[in-house]
Every structure is written in C-alpha cells, then in structure tokens.
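When reading the values below, keep in mind they use all heavy atoms of this one structure, side chains included, and skip hydrogens, waters and symmetry mates. Chain naming here is simple, since letters A, B, ... match the order of the sequence lines and numbering starts at 1 in each.
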Amino acid sequence: MQIKLSTWNINSVRLRIDLVAKFLKSVRPDVLCLQETKCPDDAFPAKRFKRLGYEHVALNGQKGYHGVAVVSRLPLDAQAVKSYCGKIDCRHVGVTLGEKAKLRDPVTIHNYYVPAGGDEPDPAINPKFEHKLAFLDEMKACANLLPKRDERSIVVGDLNVAPLEHDVWSHKQMLRIVSHTPIECEKLTAAQQAGGWIDVARTFVPPSEKLYTWWSYRAQDWFTADRGRRLDHIWVSQALGDRLSSIKVTKDARGWERPSDHVPVTVTLEV
DNA sequence: ATGGTCGGCAACCGA
C-alpha cells in the first residue's frame, strides 16, 4: 500500500483554508501535517477538511501563535501531544496509522514546529534562541525521535533549521543568520543522527544541489531573488528507508494569492 | 549595511 504524506507551515490555517483546499485537491495526500495553524482547537476548520475528504484530525492548537495539526483521509489508531522545554507552546502532535487504516504494521508520524529563534544568534542575550537550542537538545533525547529497531516512524515539520550548505542561498552569508548558524545545524544533525533518521529530500536531491522550502515575505521579488532556505523536513526511520518512492516540493504554492512563506513538501512511500 | 513583510489581534509580539 502506497501512502502520500505532506507537511506545510500554513501561517494561519483559517486565513489560508482555500489554499489548503487547492493543494489537497491537486496533490491528494493521504495525510497532511500543518504547522503555525494559529488556531485554537475549537476554531479549527474541521468541517471544511471533512468535506474535502479529510475526516480524521489530531489537533494541538492555541490562540494566536504556533499550533500544529494532522488531517487524514485514513482513520487514526492513536494520537498524542508532547510539550517541550516546560512551555505550553503547541509544537508537536503525533499520530499512528495502523489496523484502522488497514496497515499490517503501524507507522507513527510526528509533526513538529521548532521555535524560530528570533534574530540574534546568541543564547546569552536572546532568550528565543536559547529556547530553540534547548528544544533541539530535548528533541535529540526524546523517545519519539529514538525509534527502536524495525520501528516505522516519520518525523515531519517546520524544523526552522537549514542544516546543509545548499539548504540556503548563500552558506557564507548565512553563517550568522538564525536558521543556519553552526550550533543549530549541529544540534539538528545530532538529533537526526541519534535516531538514525533518513533525510528524505536529500535522498532524492543530492546535497550539492540547492533546495528550498521557504522564501521570505520581505523580498521584493521572491522568485527572481530566490534567496530561499530548506526549513521544512521529512525524516523516516531506518525501517522505512528502502520504501521511499518520491519527494515533491510544491514551489508553485509560494506564488499563489496571499501565500504562506513556506511551501508544502510531500513524500510518497510504500507501507 | 540596512530594512524590507506578514498574521493575530487590536499595541505589539512572533516569524
């Protein structure tokens, strides 16, 4: 059985629900993981998703800031949320596809929204950057991100770090810019390596090639300047490493009317 | 080198 899984930082799910619908109608993922929903759970547009065929939802939202959600065409066997750094911020929700989705062996999906970290890349003077580093350290030690042998799991989300040289438009000019500083890249890579995670996009697009999922709102012409970053990631555990079919970055979505600054990333895999 | 734009929600905070 093949499943398609997408991740997208939507930057307000209520404002951009029509763009989400447009994406779902064209790509038809089985599961969509959203970040920055900026929406309390009781205000989540679940009815609209249901009409689009996504009847099953797992929510961890809050008013105004952050917030993550999973919407699925397949029924969910389980869902759970975890908080990080002792904060109430809604930055994780996990779901399991199993018997109800007619999977012989279950697959767990963790959807993350890592703190952006503010502007100043010094934890001593910028509490937001300190929070980001602590969050990455906590991810590395978290059982969610330490799959056991043969365990089938997937991590997706806006991880707010572009870890490789060609994950940014200019490695040299980005070294002191939050999202590409060495300490963040090391911490994200450490979390990835601790769990033996496979960076799906980089198995299809070689590390020597530029690949972005985010373009700033502040650029006068995002497309021509093309000063992007790869902030949105899909990792799979070793047990799923030989089951990957394709990856797709829906770059078009950055040019849609009133876009998010992030675009969807989709993996297709055999489960 | 600097400032540039969004969204939530009603003055700024977070990105």
Side-chain angles (χ1 to χ4, degrees), chain A residues 7-23 33-45 48 59-69 83-92 111-123 125-136 156-163 167-170 172-181 183-185 187-188 212-233 251 253-265:
Chain A
T7 179
W8 194 6
N9 178 322
I10 193 60
N11 188 14
S12 175
V13 67
R14 283 177 289 179
L15 185 72
R16 284 186 243 286
I17 189 65
D18 290 339
L19 296 189
V20 178
K22 177 176 176 170
F23 172 73
C33 296
L34 296 167
Q35 304 87 36
E36 274 205 274
T37 52
K38 297 186 175 178
C39 178
D41 294 347
D42 61 9
F44 189 81
R48 184 75 186 275
L59 304 177
N60 186 17
Q62 67 186 87
K63 185 178 175 173
Y65 303 105
H66 322 312
V68 289
S83 65
Y84 283 78
C85 304
K87 290 181 184 275
I88 60 153
D89 293 14
C90 298
R91 295 182 179 276
H92 165 268
N111 178 17
Y112 278 95
Y113 175 48
V114 172
D119 289 332
E120 184 55 57
D122 180 352
I125 60 173
N126 175 6
K128 288 185 219 158
F129 194 64
E130 183 184 33
H131 177 210
K132 183 179 196 176
L133 298 183
F135 195 101
L136 292 169
V156 306
D158 176 4
L159 305 185
N160 261 317
V161 179
D167 291 342
V168 294
W169 64 279
S170 167
K172 199 176 164 201
Q173 285 177 260
M174 290 285 299
L175 280 169
R176 287 191 44 77
I177 304 296
V178 170
S179 73
H180 193 64
T181 63
I183 189 163
E184 295 165 81
C185 297
K187 285 185 185 294
L188 185 71
Y212 313 136
T213 64
W214 174 92
W215 292 261
S216 172
Y217 283 129
R218 294 177 187 177
Q220 57 279 49
D221 182 343
W222 73 275
F223 187 84
T224 304
D226 200 24
R227 294 185 168 188
R229 305 178 198 172
R230 186 170 73 105
L231 302 179
D232 303 276
H233 299 268
K251 186 175 175 181
R254 185 63 180 79
W256 293 350
E257 184 91 29
R258 288 200 89 180
S260 169
D261 44 356
H262 296 253
V263 298
V265 182

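For the pair A:His262 NE2 and B:dA15 P, the computed distance is 11 Å after rounding to whole Å. Whole-Å rounding puts the A:Asn9 CG to B:dT5 P distance at 20 Å. The distance between atom CD of A:Gln220 and atom P of B:dT2, rounded to the nearest whole Å, is 18 Å. Straight-line distance from the CZ atom of A:Arg218 to the P atom of B:dA15: 12 Å, rounded to whole Å. Rounded to a whole Å, the NZ atom of A:Lys63 is 12 Å from the P atom of B:dG8. If you measure from atom CD of A:Gln173 to atom C1' of B:dA1, you get 12 Å, rounded to the nearest angstrom. Rounded to a whole Å, the CD atom of A:Glu36 is 19 Å from the P atom of B:dT5. The separation between A:Lys132 atom NZ and B:dG14 atom C1' is 13 Å, rounded to whole Å.
The side chain of A:Lys128 places an N or O atom within less than 4.0 Å of a non-bridging phosphate oxygen (OP1 or OP2) of B:dG14. Here A:His66 reaches the OP1 or OP2 of B:dA15: one of its side-chain N or O atoms lies under 4.0 Å away. Contact check, A:Arg229 against B:dA15: no side-chain N or O comes under 4.0 Å of OP1 or OP2. Taking 4.0 angstrom as the limit, A:Arg14 places none of its side-chain polar atoms (N or O) nearer than this to OP1 or OP2 of B:dG8.
Counting non-hydrogen atoms under 4.0 angstrom, A:Arg16 reaches the backbone sugars and phosphates but no base. When heavy atoms are screened at a 4.0 angstrom cut-off, A:Arg254 is found touching no nucleic acid atom at all.
Judged by closest nucleotide on DNA chain B, A:Arg258 is the one of A:Arg258 and A:Gly118 placed further toward the 5' end. Residue order along DNA chain B, read from the 5' end via each residue's closest nucleotide, puts A:Ala219 first among A:Ala219 and A:Val13.
With C1' as the reference atom, B:dA10 and B:dG14 are 16 Å apart, rounded to whole Å. For B:dG7 and B:dG3, the P atoms lie 23 Å apart once the distance is rounded to whole Å. Spacing between B:dA1 and B:dC12 at atom C1', rounded to whole Å, works out to 26 Å.
Between A:Thr7 and A:Gln35, the side chains place a donor N or O and an acceptor N or O closer than 3.5 Å (distance only, hydrogens not considered).
Within 6.0 Å of the OH atom in A:Tyr217, the count of heavy atoms belonging to other residues, nucleotides or ligands exceeds 12. Counting heavy atoms of neighbouring residues, nucleotides and ligands inside a 6.0 Å radius, atom NZ of A:Lys251 exceeds 12 of them. Counting heavy atoms of neighbouring residues, nucleotides and ligands inside a 6.0 Å radius, atom CD1 of A:Ile125 exceeds 12 of them.
Checking B:dG14, B:dG8, B:dC6 against the side-chain heavy atoms of A:Ser12 singles out B:dG8 as nearest. Nearest nucleotide to the A:Lys38 side chain, out of B:dG14, B:dA15, B:dT5: B:dG14.
A:Ile177 contributes atom CD1, which lies 10.0 Å from atom OG of A:Ser170 (distance to the nearest 0.5 angstrom).
A search for salt bridge (Lys or Arg N to Asp or Glu O under 4.0 Å) contacts involving A:Arg91 returns A:Asp89, not counting sequence neighbours.
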